[in-house]
Structure formats: C-alpha cells, structure tokens
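Only one structure is covered here, and it is reproduced in the block below.
Scope of the values below: all heavy atoms of this structure, side chains included, with no hydrogens, waters or symmetry mates.
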Amino acid sequence: MLRILVVLGVLLMAVGFGAAGWQYYQGLTPGEATPDAATVAEDDPAEPPPQPAVELRQTWLISPTGGLIAQDQVRSYLVQSRFVPGRRVFLTRSVRLADLLADGEKLPDAPYLQVLADIRAPKAAEGLCATLTSGLAEDCALKSAVAVENSVDPVAGTALVAIELVFRERSDGSDLPDLAAHVLQSESVSTQLEPGAPGTESAEAALATAVDLARSGCAAEHVGQACRVQTIITEWLPGQPTGIRADISWLDPLPAGVFPAPPLEPAPEG
C-alpha cells in the first residue's frame, strides 16, 4: 500500500511539473531561448524574400540665399499625393442666413442667429471645391468653416463665414528636375477687384478669379520650372472691393558658384 502511494505521488508531481513547464514555454516572448528553439525554428514557414529598398524622395530644398527651406513649405511644394496643411485656400464670405436653412426651416429669434451661423457654417463652403477642381486642383476638401464672431447682422440677415480648404494640385505630367541642383523661389501675386467688376458676382466667381491670377503668376516670364500654387487668400463681400492674393513657388537653377550638398541637419519646422 505504501509503495502504491509513493508511485501515485511521483506521477502527480510529474504531471504538475509538466503543466508548469508548458505554461512557462507558452509565456515566453518571441526571441527568448527555449530548449526546443532550434526545432521550432525549423518548423516555421520560410520568411518572404526581402523587398527592394524604396528610394526616398529628397525631403529638403534650398533657398536662394543657400539656407534650408522650412519643412512645412517643402511638404506643401513636394507632397502632391495627399493633403498637407501648408497648401490651402482661405476664403471669407458673406452669406445670407436664410441660405443656411434646410427646406422647411425658419430663422430662429435674433439671439440665436449666431448659433445658427456657427452650426451651419460648412454649408457656406458648398460649391467652392468644385470651383477649385475645375481650374487648378486634382482634389479638394473642406478643412474648416466657422462663422466669424459677432458678424451676424440681424437686420440684413447675413453673417461672415471663414472657410479653409486643402487641395492637391493637378499635375501637368512633367517630372521635377534635380532638386539638389535648384533653389526654391516664392512670390505673392495680388489684385483688388472693385465692386461690379468681373469676378465679384459671388464667392465662387472670386475664387475662380483667384485661381486665374495664380495660374497667370506661374506663367510669368521670370518664373522658372515646376511652378506650384501654395496658398490662395480672398474675401468676398457684396458691394465691397474683393482682395485676392496667391502665393506661388517654383524652381530655379542654383546660382553660379553654389554647389549642391545635402543638409547635415533637418530643415526647421514652420
């Protein structure tokens, strides 16, 4: 009887240690050595062949004075595959509060008109992206639309809305030249339209005029290669002058005596 109890005790201990060992093996993190590590590795499926390294696009640009261009401007010029914060359109426009209503809605009492303008401000941006894509952009999206504080005129039934759009500029199909052998030039072109002049009929017309201004700036004789639009700013108020500004950038060859060299430090942000 005693011998039977001893044998049973040994078996129970073996089972207990075996379970503990299995739990330990299961709890190992990848890469930790185990007694059967070589066997496990042999049973694993073959790893996929290494992929060829992807050549990264140059992420720095040189200013005409030889310094580095800030990274936000570099991205807005080079990165056309996605929206970036530095490439945008700012448009402030006057809207009729009644145009912000849904079918069947009525304007609220005067104390709540600002709230209405705040909530429905994105509606004031409808149609602007279509204007941008018809003349300049491959793609466009609304980043923000907010009612300007204290801009509601209860008597006239109007408010001002500040709109920001982001866009990807349409490519002309040509490749960029060697970036290390060029400098990035920038310029602002602007104009002011008097009330009643072509381009002042609506906010959409003002934006279309701004697009034409930017494209004309890029077509100027002194402008070099790969001219791109960085920023458009305009304001449309009925019966008021319409100011328009477009910021453009392009590439010029390195000045004589300047030789390309990659930066030792990353370009500054902002």
Side-chain angles (χ1 to χ4, degrees), residues 72 76 83-170 188-217 229-248:
D72 61 346
S76 67
F83 299 129
V84 294
R87 188 174 55 248
R88 48 198 170 170
V89 172
F90 297 99
L91 188 148
T92 303
R93 67 176 301 180
S94 173
V95 294
R96 295 176 62 248
L97 294 173
D99 292 339
L100 302 180
L101 298 175
D103 292 341
E105 283 187 326
K106 295 182 179 180
L107 287 174
D109 294 335
Y112 304 103
L113 291 177
Q114 183 70 46
V115 176
L116 169 71
D118 291 336
I119 295 173
R120 299 292 176 80
K123 191 174 178 64
E126 293 178 356
L128 295 177
C129 268
T131 300
L132 205 59
T133 54
S134 67
L136 174 70
E138 181 71 26
D139 198 6
C140 167
L142 174 64
K143 186 176 187 296
S144 66
V146 296
V148 177
E149 188 175 0
N150 299 322
S151 68
V152 169
D153 185 338
V155 177
T158 61
L160 295 181
V161 176
I163 298 166
E164 183 177 350
L165 308 174
V166 290
F167 67 96
R168 295 190 296 112
E169 192 166 349
R170 186 179 300 124
S188 294
V189 290
S190 61
T191 189
Q192 181 169 291
L193 307 176
E194 295 302 318
T200 63
E201 301 87 352
S202 64
E204 291 77 11
L207 180 57
T209 302
V211 168
D212 291 341
L213 178 69
R215 297 178 68 178
S216 296
V229 181
Q230 305 291 278
T231 306
I232 290 176
I233 302 173
T234 186
E235 180 180 71
W236 180 76
L237 305 174
Q240 299 293 323
T242 299
I244 297 172
R245 193 189 90 192
D247 299 331
I248 59 175

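Between the side chain of Arg88 and the backbone N or O of Glu164 there is no donor-acceptor pair closer than 3.5 Å. For Asp109 (side chain) and Pro111 (main-chain N/O), no donor-acceptor pair under 3.5 Å exists by modelled atom type. Checking side-chain atoms of Trp236 against main-chain N and O of Thr242 turns up no donor-acceptor pair under 3.5 Å. Ser151 places a side-chain N or O within donor-acceptor distance of the main-chain N or O of Leu160, the cut-off being under 3.5 Å. Looking at Arg93, its side chain never comes within 3.5 Å of a backbone N or O of Glu235 through a donor-acceptor pair.
Here CZ of Arg168 is found 12.0 Å from CG of Leu132. Values are rounded to the nearest 0.5 Å. Between Asp212 atom CG and Leu207 atom CG the span is 10.0 Å, to the nearest 0.5 Å. The line from CZ of Phe83 to OG of Ser76 is 14.5 Å long, rounded to the nearest 0.5 Å. We find the CD1-CD distance between Ile119 and Gln114 to be 10.5 Å, quoted to the nearest 0.5 Å. Atom CD of Glu204 and atom CG of Leu91 lie 8.5 Å apart (nearest 0.5 Å). Rounding to the nearest 0.5 angstrom, the gap separating the CD atom in Glu126 from the CD1 atom in Ile163 is 10.0 Å.
Partners of Arg245 under the side-chain contact (heavy atoms from CB on, under 4.5 Å) rule, at least two apart in sequence or in another chain, are Ser188, Ser190, Ile233, Asp247. Residues that satisfy the side chain to side chain donor-acceptor pair (under 3.5 Å) test with Thr234, not counting sequence neighbours, are absent from this structure. Taking the side chain to side chain donor-acceptor pair (under 3.5 Å) definition, one finds that Glu201 meets it with nothing, sequence neighbours left out. Thr209 meets the side-chain contact (heavy atoms from CB on, under 4.5 Å) test with Leu193, Ile244; sequence neighbours excluded. In this view, Gln240 satisfies the side chain to side chain donor-acceptor pair (under 3.5 Å) rule with no residue, not counting sequence neighbours.
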The test is side chain to side chain contact (heavy atoms under 4.5 Å, CB included); show your working for Leu107 and Leu101 and say whether it passes. CA-CA 7 Å; Leu107 287 174; Leu101 298 175; 3.9 Å; yes

Stepwise side chain to side chain contact (heavy atoms under 4.5 Å, CB included) test for Glu105 and Arg120: CA-CA 13 Å; Glu105 283 187 326; Arg120 299 292 176 80; 2.8 Å; yes

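Within 6.0 Å of CZ on Arg215 lie no more than 12 heavy atoms contributed by other residues, nucleotides or ligands.
Closest of all the heavy-atom pairs between Pro154 and Ala110 is CB-CB, 4.5 Å.
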Below 3.5 Å, can you tabulate the donor-acceptor pairs from side chains in residues 134-143 to any protein atom, sequence neighbours excluded?
{"residue": "Ser134", "atom": "OG", "partner": "Ala130", "partner atom": "O", "Å": "3.3"}
{"residue": "Ser134", "atom": "OG", "partner": "Thr131", "partner atom": "O", "Å": "2.8"}

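Of the options Asp118, Leu97, Leu100, a side chain to side chain contact (heavy atoms under 4.5 Å, CB included) to Leu113 is made by Leu97 and by none of the others.
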